[in-house]
Participant: 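Have a look at this one before I ask anything.
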Amino acid sequence: MINTLLKLSWVFLKIGTFSFGGGIVIIPLVENEVVTNYGWLTKTEFVDAVTLGQVTPGPVIVSATFIGYKVCGILGAIVSTVSVILPSFVMICLATAAIKKFRENKILANFLRGARIAVIGMVFDAGISIGKSSLVDIKTILIVVISIICLFKYKINPIWIILGAGIVGLVT
Amino acid sequence: MEQKIREQADKLYMRGLHVFARSADMESLELVAELWQKAWELYRKIGDENKARELEKSLVGLYKKKYLKVRERKEQQGSIIKKFKEWFMFFKIGCFGFGGPMAIFTLLQDELVRERQILTDKDFLEGAVLGDVLPGPVTMDIVTYTGYKLKKWSGAIISTMVFILPSFVMMIILAMLYDKYSITPKVEHVFKCLGAAVTGLILSVGLKLSKAEMKDYRELCILIWAFASALIFKLDIVVIVGLAGLVGIVIYHDDTEKQQVK
């Protein structure tokens, strides 16, 4: 039991450390470890785990919770979730502290200035690629237009827009 | 004798003044009050009414300040509820972030920057830069970053936990159901609609953020380059953000300070 938990923790610490960019990118990495190396889950179970990870509201990485649960019950779920979060958590905190300290440093300030703009580019790119895969009919195009109007003109909380779109998807 | 007492009183008064000038927190205010009180007594002893009256006036001001401080401290204690609201915000986003990481990104921007003004657009983007360059989901990184900014390590731990909790609990429930009945929800159709909504949200957040950051043609160039290299050349996010940062070092190198908007 403890042995399995340690292995679980080790695998997810590794995944948490190398999941640059986050999201779907790391799925093949996880599959390699969990399905091929350790055989904790079958291939179908793994695909289901990822699907469930997308259904839950948080980041896809919560699939780790499912895998942990399958392997070792609730305890496994807790261990794997904490392990997968821990590396980026520590790094972010240290980096934030460092940025605060070197705020006056001109090189760092300029680096961040350039990088900030690239992030906006990434945002647009994400919008386009999500749009490409989900704009399939009149209804979805209407949803896009309505959500832009809602957010820009009426400043409605986006939670409502997401919930509304979800309900539309459920009903129709 | 009188001369000596006067000197001592002056000294006490000056010491109080120094402490007062250095900091204005509760402890030093108390110290100043004590010192000036002693000085006042000494002035009274040698019969220097003028100085004593002057000191009385200063003391009245000091007590007023102390009173305000105490009230402020009480108000801060009352703000535990306010803090709870802040943490609750992360919980809320953790509950409603359906539709992938970009949906959460929008929710965070809306709550943190527009609604609560905890972060500026610039801070928010900096969090996103860290999230892109460092491992882990970008959205969770932004949550941790904000928590750390608010209250150092404890803030980071609380915000991250609170943010992940809803999906953690939901996932455990789903896993239990899956174990028993081996079912997964059929959600493809719902996701199409969610994707459409998220597209709209993302585009408007992108426009908002560009409005905050765009200042001249150089920013526009970086933006178009980053956008194109992600969309057409499929470069890795880490590479794009890193390169843009390096470009930033070069092109802003001899920028005048006035353009560095704080």
Participant: So, taking the atom named CG in B:Asp141 and the one named CE in A:Met91, what distance separates them when rounded to the nearest 0.5 Å?
Facilitator: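 Separation between the atoms: 9.5 Å.
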Participant: Check side chain to side chain donor-acceptor pair (under 3.5 Å) between A:Thr81 and all other residues, then give those that pass, not counting sequence neighbours.
Facilitator: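 A:Thr81 satisfies side chain to side chain donor-acceptor pair (under 3.5 Å) with A:Thr65 only.
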Participant: Based on non-hydrogen pairs under 4.5 Å, which of B:Ala156, B:Ala226, B:Ser167, B:Gly127 is most in contact with chain A?
Facilitator: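 The residue among B:Ala156, B:Ala226, B:Ser167, B:Gly127 with the greatest pair count is B:Ser167.
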Participant: Do A:Phe89 and B:Ile157 come close enough that some side-chain heavy atom pair is under 4.5 Å?
Facilitator: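 A:Phe89 reaches B:Ile157 side chain to side chain.
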Participant: Do A:Phe66 and B:Tyr178 have their ring centres less than 6.0 Å from each other?
Facilitator: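 A:Phe66 vs B:Tyr178: aromatic centres under 6.0 Å.
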Participant: So which residue, B:Leu130, B:Leu246, B:Thr139, ends up with the most heavy-atom pairs under 4.5 Å with chain A?
Facilitator: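 Highest number of pairs under 4.5 Å: B:Leu130.
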Participant: Sort B:Phe105 into side chain, backbone, both or neither according to what part of it lies under 4.5 angstrom from a heavy atom of chain A.
Facilitator: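 Side chain only.
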Participant: Check salt bridge (charged side-chain N to carboxylate O under 4.0 Å, His left out) between B:Asp110 and all other residues, then give those that pass, not counting sequence neighbours.
Facilitator: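 B:Asp110 satisfies salt bridge (charged side-chain N to carboxylate O under 4.0 Å, His left out) with B:Arg114 only.
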Participant: Working to the nearest 0.5 Å, report the span between CD of B:Glu126 and CZ of A:Arg113.
Facilitator: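 Result: 12.0 Å between the selected atoms.
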Participant: Looking at B:Met140, B:Met176, B:Met170, which one has more heavy-atom pairs under 4.5 Å with chain A than the rest?
Facilitator: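 Among the listed options, the one with the most contacts to chain A is B:Met176.
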Participant: In terms of heavy-atom pairs under 4.5 Å with chain B, which of A:Ile74, A:Ile128, A:Val82, A:Val119 leads?
Facilitator: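 Most pairs with chain B among the choices: A:Val119.
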Participant: Considering only heavy atoms, which portion of A:Ala64 lies under 4.5 Å from any heavy atom of chain B: side chain, backbone, both, or neither?
Facilitator: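 Neither part; nothing is under 4.5 Å.
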Participant: Looking only at heavy atoms, what is the nearest atom pair of B:Phe227 and A:Gly121, with distance?
Facilitator: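 Scanning both residues, the minimum pair turns out to be CD1-O, 3.7 Å.
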Participant: Return the option, out of A:Val84, A:Ile148, A:Ile117, A:Ile149, with the maximum number of heavy-atom pairs under 4.5 Å with chain B.
Facilitator: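 With the most close heavy-atom pairs to chain B, the winner is A:Ile117.
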Participant: With a 4.5 Å cut-off on heavy-atom pairs, point out which of A:Ile78, A:Ile143, A:Val145, A:Ile92 contacts chain B the most.
Facilitator: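 Going by pairs under 4.5 Å, I would pick A:Ile92.
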Participant: Counting only heavy atoms not in B:Lys152, do more than 12 fall under 6.0 Å of its NZ?
Facilitator: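 12 or below, so no.
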Participant: If every non-hydrogen atom of A:Tyr69 is compared with every non-hydrogen atom of B:Ala175, which pair is closest and at what distance?
Facilitator: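 Taking every non-hydrogen atom into account, CD2-CB, 3.5 Å.
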Participant: For B:Leu201 and A:Ile162, work out which heavy atoms get closest and say how close.
Facilitator: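 B:Leu201 and A:Ile162 have their closest heavy atoms at CD1-CG1, 3.7 Å.
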Participant: Top residue by heavy-atom pair count (under 4.5 Å) with chain B, among A:Ile120, A:Thr140, A:Val123?
Facilitator: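 With the most close heavy-atom pairs to chain B, the winner is A:Ile120.
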Participant: Within a 6.0 Å radius of atom CH2 on B:Trp153, are there more than 12 heavy atoms belonging to other residues, nucleotides or ligands?
Facilitator: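 Yes, CH2 of B:Trp153 has more than 12 neighbouring heavy atoms, counting only those of other groups under 6.0 Å.
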Participant: Can you see which heavy atom on B:Ala197 is nearest to which on A:Ala165, and at what distance?
Facilitator: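 Closest approach of B:Ala197 to A:Ala165, heavy atoms only: CB-CB, 3.4 Å.
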Participant: Please flag which part of A:Ile99 lies under 4.5 Å from any non-hydrogen atom of chain B: side chain, backbone, both or neither.
Facilitator: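 Contact with chain B: side chain only.
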Participant: Select one option (side chain, backbone, both, neither) describing which atoms of B:Leu207 are under 4.5 Å from chain A's heavy atoms.
Facilitator: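 For B:Leu207, the contact with chain A is made by backbone and side chain together.
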Participant: How many angstroms lie between atom CG of B:Leu223 and atom CE of A:Met122, to the nearest 0.5 angstrom?
Facilitator: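 With rounding to 0.5 Å, CG (B:Leu223) is 9.0 Å from CE (A:Met122).
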Participant: Please determine whether the number of non-hydrogen atoms from other residues, nucleotides or ligands lying under 6.0 Å from atom CD1 of B:Ile232 exceeds 12.
Facilitator: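 Yes, because the 6.0 Å sphere around CD1 of B:Ile232 holds more than 12 heavy atoms from other groups.
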Participant: If you compare all heavy atoms of A:Cys93 against all heavy atoms of B:Thr144, which two are closest, and at what distance to 0.1 Å?
Facilitator: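 Shortest heavy-atom separation between A:Cys93 and B:Thr144 comes out as SG-CG2, 3.9 Å.
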Participant: Under 4.5 Å, counting heavy-atom pairs only, tell me which of B:Val143, B:Leu165, B:Ile172 racks up the most with chain A.
Facilitator: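 So the answer, after comparing B:Val143, B:Leu165, B:Ile172, is B:Ile172.
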Participant: Identify which part of A:Leu163 has an atom lying under 4.5 Å from any heavy atom of chain B, answering side chain, backbone, both or neither.
Facilitator: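 The side chain, not the backbone.
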Participant: Count the heavy-atom pairs under 4.5 Å between each of A:Ile167, A:Val168, A:Ile161, A:Val144 and chain B, then report the option with the highest count.
Facilitator: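 Option with the top pair count is A:Val144.
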Participant: So which part of B:Thr160 gets closer than 4.5 Å to some heavy atom of chain A, the side chain, the backbone, both or neither?
Facilitator: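 Looking at B:Thr160, just its side chain touches chain A.
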Participant: Given the options A:Thr17, A:Ile15, A:Ile146, which has more heavy-atom pairs under 4.5 Å with chain B than any of the others?
Facilitator: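 Ranked by contacts with chain B, first place is A:Thr17.
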Participant: On a heavy-atom basis, which atom in A:Ala97 and which in B:Tyr148 lie closest, and how many Å separate them?
Facilitator: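 The pair with the smallest heavy-atom distance is CB-OH, 3.2 Å.
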Participant: Considering only heavy atoms and a distance below 4.5 Å, find which of B:Leu125, B:Ile222, B:Leu203 pairs most often with chain A.
Facilitator: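 Looking at each of B:Leu125, B:Ile222, B:Leu203 in turn, B:Leu125 comes out on top.
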Participant: Please report the interatomic distance OG1(A:Thr96) to NZ(B:Lys149), rounded to the nearest 0.5 Å.
Facilitator: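 Answer for the OG1-NZ pair, A:Thr96 versus B:Lys149, is 8.0 Å.
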Participant: When only pairs under 4.5 Å are counted, which of B:Val241, B:Leu209, B:Leu107, B:Ile202 shares the most heavy-atom pairs with chain A?
Facilitator: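 Highest number of pairs under 4.5 Å: B:Leu107.
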Participant: Between A:Leu142 and chain B, with a heavy-atom cut-off of 4.5 Å, which part of the residue counts as in contact: side chain, backbone, both or neither?
Facilitator: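 It is neither, since no heavy atom gets under 4.5 Å.
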Participant: Below 4.5 Å from any heavy atom of chain A, which atoms of B:Glu111 appear? Answer side chain, backbone, both or neither.
Facilitator: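 Contact with chain A involves the side chain of B:Glu111 alone.
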